[in-house]
2 protein chains.
Amino acid sequence: MRVMKHPAIQEVSIEQVFYALSDPVRLEIVQKLCITDEASCSALDGGRPKSSVSHHFRVLREAGLVWTRNEGVTHMNMLRRAELDERFPGLLDVVAAAIPNGKGETRLGC
Amino acid sequence: MRVMKHPAIQEVSIEQVFYALSDPVRLEIVQKLCITDEASCSALDGGRPKSSVSHHFRVLREAGLVWTRNEGVTHMNMLRRAELDERFPGLLDVVAAAIPNGKGETRLGC
DNA sequence: TCGTTAGTTCGATTACAATAGAACAATGGC
DNA sequence: GCCATTGTTCTATTGTAATCGAACTAACGA
């Protein structure tokens, strides 16, 4: 639990990112992080089992989308926004614009 | 072979689109279509078996990414660019910007 | 009408991914 | 030190998707 693997943003492929975002659970997590900026795993689990949620966070981390840091016993997650905006400009805007039923149309929301 | 199913663009979900783009073969096809505007299936098969390529085109069609029309015995494929730009603004720009080793950085390339 | 071409559909195989329970690990509080 | 909390890792199951050969279909030309 000590060290968390986070790939360098240049090592991340766009296929990987698309794949990570193609799962409804993970897309929901990312979209929530677009709004909340930072959140614990349990705050984003949507009532799902811990092991499933942990799996999805791993995929998101390995795709370079999410950064996780230890804060005591909880893990705080945030989007790697600046890096992603530089590596894949506009991508997070697309994700944010697709947030259902919220103010998704505001490009600056993410 | 007569009628081709193409979903209305509003019925397409962003998850579906991300999923379609997460496969290397399909991403390559879409990126080629970003440049060539229109092409037959065989021109984009990359030497793969016909059945595999046909499968991938079906996924792309059902995700709303590609429009296929019959032209004699061949099928011509093109991106549904205008519709996609309206439904998911910026998405095709991200895809085009990720074109390897070409002039991918030009936002207007797609 | 017969063959050719281009692509689809079918069927089987194989590989990978989602799910979730159980055991484990790390931190913090008592 | 002991226990609760939070999340990870392990393992198994299940479902879904990629691949490809083979049969099929539609359009075209000789």
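Proteins get letters first, then strands, A, B, ... in listed order; numbering begins at 1 in each. Small disclaimer: the values here were computed from a predicted structure and weren't measured.
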Those residues that, when tested against A:Thr36, pass side-chain hydrogen bond (donor to acceptor under 3.5 Å, both in side chains) (two or more places apart): none
Results of side-chain hydrogen bond (donor to acceptor under 3.5 Å, both in side chains) for B:Glu38 - residues two or more places apart only: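 Once residues adjacent in sequence are excluded, the partners of B:Glu38 under the side-chain hydrogen bond (donor to acceptor under 3.5 Å, both in side chains) criterion are B:Arg69.
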Residues touching DNA chain C, which here means a heavy atom under 4.0 Å, drawn from residues 14-27 of chain B: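 The stretch gives none, as no residue of it lies under 4.0 Å from the strand.
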Rounded distance in Å - [atom1] ([X]) to [atom2] ([N]):
{"X": "B:His6", "N": "C:dT8", "atom1": "NE2", "atom2": "C1'", "answer": "14 Å"}
{"X": "B:Phe57", "N": "C:dT9", "atom1": "CZ", "atom2": "P", "answer": "14 Å"}
{"X": "B:Met76", "N": "C:dT8", "atom1": "CE", "atom2": "P", "answer": "13 Å"}
{"X": "A:Ile29", "N": "C:dA18", "atom1": "CD1", "atom2": "P", "answer": "12 Å"}
{"X": "A:Met4", "N": "D:dT6", "atom1": "CE", "atom2": "C1'", "answer": "11 Å"}
{"X": "B:Glu62", "N": "D:dA17", "atom1": "CD", "atom2": "C1'", "answer": "13 Å"}
{"X": "B:Asp45", "N": "C:dA6", "atom1": "CG", "atom2": "P", "answer": "11 Å"}
{"X": "B:Asn77", "N": "C:dA6", "atom1": "CG", "atom2": "P", "answer": "14 Å"}

Residues forming a side chain to side chain contact (heavy atoms under 4.5 Å, CB included) with B:Ser40, sequence neighbours excluded: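 Only B:Ser42, B:Ala43, B:Met76 meet the side chain to side chain contact (heavy atoms under 4.5 Å, CB included) criterion with B:Ser40.
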Sequence neighbours left out, cut at 3.5 Å: what donor-acceptor pairs do the side chains of residues 28-35 of chain A make with other protein atoms?
residue: A:Glu28; atom: OE2; partner: A:Lys32; partner atom: NZ; Å: 3.2
residue: A:Gln31; atom: NE2; partner: A:Val95; partner atom: O; Å: 3.2
residue: A:Gln31; atom: NE2; partner: A:Ala98; partner atom: O; Å: 3.4

From [X] [atom1] over to [Y] [atom2], what is the distance, rounded to the nearest 0.5 angstrom?
{"X": "A:Phe18", "Y": "A:Leu91", "atom1": "CZ", "atom2": "CG", "answer": "6.0 Å"}
{"X": "A:Tyr19", "Y": "A:Ser13", "atom1": "OH", "atom2": "OG", "answer": "12.0 Å"}
{"X": "B:Leu84", "Y": "B:Ile9", "atom1": "CG", "atom2": "CD1", "answer": "4.5 Å"}

Selection from D:dG7, C:dG7, C:dT27 that lies nearest to any side-chain heavy atom of A:Cys41: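 Output: D:dG7.
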Selection from C:dT19, C:dT9, C:dA6 that lies nearest to any side-chain heavy atom of B:Arg58: C:dT9
Does [X] reach the side chain of [Y], with side-chain heavy atoms less than 4.5 Å apart?
{"X": "A:Met78", "Y": "A:Val66", "answer": "no"}
{"X": "B:Lys50", "Y": "B:Asp45", "answer": "no"}
{"X": "B:Asn77", "Y": "B:Cys41", "answer": "yes"}

Of all pairs that satisfy salt bridge (Lys or Arg N to Asp or Glu O under 4.0 Å), the ones with a partner from residues 11-25 of chain A, not counting sequence neighbours: none
Would you give me the side-chain donor-acceptor pairs under 3.5 Å for residues 52-61 of chain B, sequence neighbours excluded?
residue: B:His56; atom: ND1; partner: B:Arg26; partner atom: NH1; Å: 3.1
residue: B:Arg58; atom: NH1; partner: B:Glu62; partner atom: OE2; Å: 3.2
residue: B:Arg61; atom: NH1; partner: B:Thr68; partner atom: OG1; Å: 3.1

Tell me whether the side-chain N/O atoms of [X] come closer than 4.0 Å to OP1 or OP2 in [N].
{"X": "B:His56", "N": "D:dA17", "answer": "no"}
{"X": "B:Arg61", "N": "C:dG7", "answer": "no"}
{"X": "B:His55", "N": "D:dA17", "answer": "no"}

Any protein N or O atoms within reach of nucleotides 1-3 of chain C? Criterion: under 3.5 Å, listing atom names and distances.
none

Partners passing salt bridge (charged side-chain N to carboxylate O under 4.0 Å, His left out) against B:Arg87 (at least two apart in sequence or in another chain):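 Per chain and number, B:Arg87 pairs via salt bridge (charged side-chain N to carboxylate O under 4.0 Å, His left out) with no residue.
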Five-pair end axes of the helix from C:dT1-D:dA30 to C:dC30-D:dG1 and the angle they enclose, rounded to 10°: 20°
Within residues 26-54 of chain B or reaching into it, pairs that qualify as ring pair (Phe, Tyr, Trp, His ring centres under 6.0 Å) - sequence neighbours excluded: none
Sugar-phosphate, base or nothing in reach of B:Ser54, heavy atoms under 4.0 Å: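 Touches a base.
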Which protein N or O atoms sit under 3.5 Å from an N or O of nucleotides 20-24 of chain C?
residue: C:dA20; atom: N7; partner: A:Ser51; partner atom: OG; Å: 3.1
residue: C:dG21; atom: N7; partner: A:Ser51; partner atom: OG; Å: 3.1
residue: C:dG21; atom: O6; partner: A:Ser51; partner atom: OG; Å: 3.2

